[in-house]
Amino acid sequence: MTETFPIKQPIWCAGCGHFGVLAAMDASFDRLEIPRHDALVLAGIGCSGTVQNHMPSYGYHALHGRVVPSAIGAKLANPDLTVVAAGGDGDGYAIGGGHLLHAFRTNANITYVVMNNETYGLTKGQPSPSNAGGYQGQREMDPIMVGLSLPGSTFLARAYTGAPAQLDDLMDAAINHARAGQGFAFLEVISPCVTYNDNYHEWPSTLVNVDEDEGYDPSDRATAMALNMKLASEGKVAAGLIYRASATLREATGDSPPTPLEGIDLPRFTDSYEQVLDGYVG
Amino acid sequence: MTETFPIKQPIWCAGCGHFGVLAAMDASFDRLEIPRHDALVLAGIGCSGTVQNHMPSYGYHALHGRVVPSAIGAKLANPDLTVVAAGGDGDGYAIGGGHLLHAFRTNANITYVVMNNETYGLTKGQPSPSNAGGYQGQREMDPIMVGLSLPGSTFLARAYTGAPAQLDDLMDAAINHARAGQGFAFLEVISPCVTYNDNYHEWPSTLVNVDEDEGYDPSDRATAMALNMKLASEGKVAAGLIYRASATLREATGDSPPTPLEGIDLPRFTDSYEQVLDGYVG
Amino acid sequence: MEKENKVAEPIQIDDVNVLVSGQGGDGSLTVTNMLGSLLRARGMGVYTERDVLSRIKGGKAAASLRGSLNERFVVRDRLQLAVIMDEEGLHGVANRLGGDSVLLYDSSDAPIPEGLISDDVRVLVAPFGRLAVRRLGRILYKNSISTGVVARILSIPDEEVRTEFRARFKRLGGAIIDQNLKALDLGFEIAEGMELSSDTGVFRVDKGDIGERLLMTGNEAIGMGFVVGGGRFFAGYPITPATDVLEFLQRHLPTFGGVAWQGEDELASVNMAIGASLTGVRSGTGSSGPGIALMQEGIGQAGSGEVPLVVVDTQRAGPSTGMPTKPEQSDLNMVCFGGNGDFERIVLVPGDPEDCFWLTVDACNLAQKYQMPVFVVTDQAISQNTASVPRFDLDQVKIDVGKRLSEEDLKSLEKYQRYAITEDGVSPYSVPGTPGGQSLVTGNERDEFGNVTTLPGIRQKMADKRKLKLETAKDDLPKPREYGDESAEIGIVVVNAGWGAGMDAVDELKKLGVASRLHHPRTLWPLTDETRSFIDEKKRVYVIDHSSSAQLSGVLMHAGISSQKLHSIMRYDGTPLRPVDLAEEIYRRETEK
Amino acid sequence: MEKENKVAEPIQIDDVNVLVSGQGGDGSLTVTNMLGSLLRARGMGVYTERDVLSRIKGGKAAASLRGSLNERFVVRDRLQLAVIMDEEGLHGVANRLGGDSVLLYDSSDAPIPEGLISDDVRVLVAPFGRLAVRRLGRILYKNSISTGVVARILSIPDEEVRTEFRARFKRLGGAIIDQNLKALDLGFEIAEGMELSSDTGVFRVDKGDIGERLLMTGNEAIGMGFVVGGGRFFAGYPITPATDVLEFLQRHLPTFGGVAWQGEDELASVNMAIGASLTGVRSGTGSSGPGIALMQEGIGQAGSGEVPLVVVDTQRAGPSTGMPTKPEQSDLNMVCFGGNGDFERIVLVPGDPEDCFWLTVDACNLAQKYQMPVFVVTDQAISQNTASVPRFDLDQVKIDVGKRLSEEDLKSLEKYQRYAITEDGVSPYSVPGTPGGQSLVTGNERDEFGNVTTLPGIRQKMADKRKLKLETAKDDLPKPREYGDESAEIGIVVVNAGWGAGMDAVDELKKLGVASRLHHPRTLWPLTDETRSFIDEKKRVYVIDHSSSAQLSGVLMHAGISSQKLHSIMRYDGTPLRPVDLAEEIYRRETEK
Ligand SMILES: Cc1ncc(C[n+]2csc(CCOP(=O)(O)OP(=O)(O)O)c2C)c(N)n1
Ligand SMILES: Cc1ncc(C[n+]2csc(CCOP(=O)(O)OP(=O)(O)O)c2C)c(N)n1
Ligand code: SF4
Ligand code: SF4
Ligand SMILES: [Mg+2]
Ligand SMILES: [Mg+2]
């Protein structure tokens, strides 16, 4: 076998939530039997932004905040790939917040996993937009509620790195959703930062697992929104598969599914090129 | 009187919705008796981005998409000013979408008026994020629903340039909200582009005026959200004062209201400066 | 103040420069288009220049046109004919009319103000607008009416004009054709009153023998170059005057299995293009100054991570939002030196639409072969003005994907390192989907495998490797082109629309007895040896700086060219470069010596 | 391979260079801090340099320290003492030790590999970590233990160390003090075993007479300069190594009625600062390379709209994300030439923390007085390393708000035009809240009132006016400073940390018999006449380029300096500039001639 890049150990602090996310993602490719060479894992900048280095897929280290457009570009260019974007909450909600909004809106077939520790780990602990700021215990920004507010969103889920079984399931579901051409799959994983925001102890009592609620119908956007608003006002946060559109309102990735890109050798196109030129003869 | 800049006529196409918005905003300062020299009107880039030139306030023409952070900066620096940001939907929802999200989140005391014509007027008619794309008649992005999904938002309203009386009322309310220190006031005005997206005829039957609904309680975020989701699924859009927080969840503009900036003459601060330096003696 | 019409034999000309000015949206610019077609039909090359404001309706809108026996890419300063539809249009045109010029004026609203137009200009006046409304019911017909007079002025036979009208209005149906032909006849009637009969007007334009040509803007040519150069993914965000490229690609790329995507902003666009490029698909983005400024970080990422990326910068007058519809060449510093840290890039600066096509094809190849950002930088003038250019010979196009590894290639390797240090600095690459080629791409410093590192030794090697790529690319870089007297002592260096203006300036200087040689680097960064020797060999070199900080001169000096040799001629008032302006300035400086 | 300890009289030194290396988070860097305080207490100037990875925990972390009788801003290549806590730390230090160096090594985990350390180095070894755990229960105490040995090596009397310990651990309470004093005694005990008794170690460090000093990093000094310079609004976004400035201001600005705001990104930050600046409040933003790249459009907006703006660029090694914790001077091109279109800017390049303070004060004045963006550009080295500097004399600070109009001023005017064309290019300004001063600010081209226009005549005047401001500012621009032999033929041009390294290099060269003169422009753009004449007067000028594309040289040439004179010395491996490296390279080139 041709030797390729050595898979090093992460340099995260012992106990960092990101270990669990990496493990779940890496294993998910195996569970779903996705050949590693068909997967492109893109990550942002942050402690979280190194996951791709620890898996044997194609990996790309994007700019801070730009992992989502990078991933969408890759997927539009080659729809045959399994494209997974990953990153932190600073990366995804602060500097990348605009792109997230538009990713929900345009619903491209990629999976996006955010490791939310409510802080900027790598730059040493500044507050991020999703932290439980001054809004009487409500998180300043809940990206899943933002997602619910947009008609284009099709998959919204939240896992907890401290609950690995559910994380595994949701990871599989998120990757499958996009691979199956059902659109943008958004998975937030609560992944505490032991060094700057160690709140592992809070999460078990904060998270309310909708997957355990028999009566919960994740295909009903309005109910999902109502529940999330109620939970937020109680200082709680929903976990599980919060919303999955039963049918997409329009095809994913924009107005029409792109044809796969079929090579650019000149001869096969020459005639059509000449036709375009004909339109400019004058 | 010292002569200052001549107030020129707008160069908009005859029938452009923006005329109505300009008229309402200009008149609102009079109605509210806000001295023009205490008002800073900032605008983005677009056909809509010239309103500030047609009013006798202080005016600033921001970069495309950056009118909201510019306005927040101005207000944080001088809380005594009445700060009104304005612009188009391309400006505010596409390139500026991220800033809008964070403006809802941080709830600074500015008013933001978006003239939504669902298109890029100035660059000749490309689709904008809020247009009624492929989602079965639903607008791809409804910024008011996004606002409702964030706990920090305090004032969300929609007017129609074709209904000037309501527009006047909402304009006054929006400017007052921020001036009164209650936070970020967001007013979307449906303002059709006769040249690239002339849909005046559609709006009367699309808009559902909550101001006319006696039973509607604009202080209830959950109900507001539920109503908007329902209307959206029917291809309708809410108008009126959709949400106004009865009490803000935390003080506007972040963690603490900034002290007014009190001049920078050296002598008054010298002692305190020396104290800071003392901390570095070593 | 209407003047008496002198009757005389038409003046024979082989170079005709016409300006038409009206209000935005009043259709007056179609006069230019019709005239263009008429001249093309007579075997001339045509060049059309628009001058519009960044606003939607209303406001002065002008277009000018040049017909010539060779391909020329500028409208000359001195006009043979100006067609002015209202008083506003008169201002700014007066100084472009002279002894052998004709002014055709629509007097519907206001007469020509006393003293504005010099006495030796031949002035023809008629109330086109009023006549159109009175006789044909719609003001729009003033354009067809005036076209009739214009044709007579230029001695173009009536029948040629009728044929052109029938062709042009064909798809609009019989009634419209008829009305316009009526308007045309009215124009001929008015011309008769001015004593201009068919085929004996004021001028008689030579027939040329320029055969089939494409009529294209630089933006369209860039779009076409991208498609033919194998570009299959393009992401952009609307901005004047760059939007046309995105729109061309949205229209044409899908036919070829490609995607042209309107991103939510420029940051999304450049990063989408980078993401697409990772898959091996040739990708690009484009904008004008403000958008390119926003893309600086992304472009550096392509430079650092060695990701192929084509970036089109359609320059407009700055700074900041500046003057969106006005020409300038003031992003040169940004494209050559913008972005943080040291990264390699190639900057191509085409001079006309044909050049736009070929340099964009080159950009697609260079970007992928050398795995770096390649800029195609134009200005508003060449991007939006229409020129007739030879049909592109597609047989000359070559596609070179560089060191791309197939599954088989990979198997034969002992190890595959995405950033392998090689003799030429270029690492073989594998793209996602290829078994066994898994690899890491990053904008951080990294080792050969792509793992992030800060070890000084490795860092140094990686930086050297990236520098080496630019050395290696040297022979592949598009070569400069020149015009004028090879043995002249005087050199003139230009980019973009400077090429068209410069050619005419060289001719003008020759008439004034000054020999000069025009040099168009085409590759601006890295500066080619050819450009260096050109400057070396000339005694004095004039640099045409369409910017207020002399950016082209700055780039040359940055590259080590001595300031002693360089003489900057600057323009930064938002108007196009004009040959006579340039020639006169050079002449002045030469004779002052 | 422990060596026999030679017993001899301590070597008298007046310049001590120590490196301490351990793992990130193991506290070994506190050894440097304690030693720094000890030397300060003895009247020396100290300079401390950190070398960490961009990762949170673990990974080699090193700090080095220099004590000297003058203020020096670099640690010398050759170390007197290296304190190495693990095997990893030995690599990379070996070549900085020589005949008169001591290596103190913690052998808890591994012995020193054979052959790594040259034989003439004096090696002292003890298992500090193991002893700390065994004797005091916590590995952290290894730092206090080794400090004891270090003090003995440098012949610092035990009592001085105890005093320092008591002061340092005071706020941590009695138990902690006691434990650390115990650890210290253990260190003394170990030293005894090495035959180092109190006050007679290997070296004896001179006492100095440097009085009260501030111990500050460049980032802190910039924060302080901003506050004292009247800055009252700062918006930024975290990024290594620039975050410290934002954090300093978040800590201190509120006391002075100011606001330091963490924006959602760099685009928000720069535009918030611009918005704040419109109100007359002195405003700034800051970041490192990638963030400054994102701000390019915003900075151009300040340039176009004539809005005062201070921009701090704390350079790190690029390109793109690059190497966040490593020093480099590779954003010089971007700050001088980035952004679209032509706009005026001032670029200041301080060389040490004191200079950071003063140039930031200057930046605040220049930005407001000339209504344009002013950059304060540092590098990771001067920004994050700590130096002892003279206390800033606040009496020297002047605040100049330029042509600001009060309500009364306005009343006395016939008309008020925000962009009035004036003799010096600077327009009087009124800020919101001032009655009668309503005005329009825009990034588009505009007339004097601020109304958007594209009229060529006005445009030209506006561009000229903006250029003129930079001319007018000339006399206000911070002047260069120099060091070394004024009459030397050889010049050396440096910015940022080049100043500290350069001073030592000049001394080194002198020892080698080569006279040289160091020149620090301080204002890099526009280039001052002083820098031009300096280069003119010298026979050969070496430019220290801490970048792989020789950016400092490029900026000089761009400004018209002939390439003939300039000789670039480049470094781009992510390591700090070292005096001996520079001196040796210059010496080599000088003697090869
Ligand atoms: C343009 C830009 N701005 C800022 C930074 C600095 N930066 C690196 S990581 C980071 C935030 C990391 O936080 P998050 O995304 O939450 O990831 P975490 O470390 O918490 O996993 C920042 C601000 C950068 N690399 N690029
Ligand atoms: C950075 C940047 N990108 C693109 C543009 C070009 N541009 C100017 S206005 C505009 C969109 C205008 O649309 P909108 O905000 O909806 O305003 P409208 O004209 O419809 O009122 C765009 C894309 C620009 N000026 N700056
Ligand atoms: S700092 Fe926080 S986020 Fe970063 S590795 Fe450590 S625990 Fe994880
Ligand atoms: S193009 Fe549209 S938005 Fe612009 S002025 Fe005309 S009608 Fe209004
Ligand atoms: Mg985080
Ligand atoms: Mg719009």
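Each chain gets a letter, A, B and so on, in the order its sequence line appears, and its residues count up from 1.
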Tell me, for [X] versus chain A, whether the close heavy atoms (under 4.5 Å) come from the side chain, the backbone, both or neither.
{"X": "C/Ser430", "value": "both"}
{"X": "C/Val46", "value": "neither"}
{"X": "C/Ile399", "value": "side chain"}
{"X": "C/Arg40", "value": "side chain"}
{"X": "C/Ala273", "value": "neither"}
{"X": "C/Ser439", "value": "both"}
{"X": "C/Thr434", "value": "both"}

Suppose a student defines contact as a heavy atom less than 4.5 Å from any heavy atom of chain C. Which residues in [range] would they list?
{"range": "residues 61-69 of chain A", "result": "A/His61, A/Ala62, A/Leu63, A/Arg66, A/Pro69"}
{"range": "residues 271-282 of chain A", "result": "A/Ser272, A/Tyr273, A/Glu274, A/Val276, A/Leu277, A/Asp278, A/Tyr280, A/Val281, A/Gly282"}
{"range": "residues 29-41 of chain A", "result": "A/Arg36, A/His37, A/Asp38, A/Leu40"}

Practice task
Go through C/Val227, C/Val307, C/Val270, C/Ile274 and name the one with the most non-hydrogen pairs under 4.5 angstrom from chain A.
Solution key: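 Sorted descending by pairs with chain A, the first entry is C/Val227.
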Practice task
Heavy atoms only, distances under 4.5 angstrom: which of C/Arg251, C/Glu448, C/Glu212 has the most pairs with chain A? Name it, please.
Solution key: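 Among C/Arg251, C/Glu448, C/Glu212, the one with the most close pairs to chain A is C/Glu212.
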Exercise for the section: Can you measure from OG1 (A/Thr106) to CH2 (C/Trp261) and round to the nearest 0.5 angstrom? Expected result: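 Output value for this atom pair is 5.0 Å.
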Problem - Distance, nearest 0.5 Å, that separates OG1 of C/Thr442 from OH of A/Tyr60 - result: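 Going from OG1 on C/Thr442 over to OH on A/Tyr60, the span is 8.0 Å.
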Exercise for the section: Identify the residues of residues 407-420 of chain C whose heavy atoms come closer than 4.5 Å to a heavy atom of chain A, ordered by number, or report 'none'. Expected result: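 Those residues of residues 407-420 of chain C which have a heavy atom under 4.5 Å from chain A are C/Leu410, C/Lys411, C/Leu413, C/Glu414, C/Lys415, C/Tyr416.
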Exercise for the section: Might you work through the side chain to side chain contact (heavy atoms under 4.5 Å, CB included) test for A/His99 and C/Leu267, ending with a clear yes or no? Expected result: CA-CA 9 Å; A/His99 302 308; C/Leu267 303 166; 4.2 Å; yes
Practice task
Using non-hydrogen atoms and a 4.5 Å limit, figure out which bit of A/Ile45 sits close to chain C: side chain, backbone, both or neither.
Solution key: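 Only the side chain of A/Ile45 comes within 4.5 Å of chain C.
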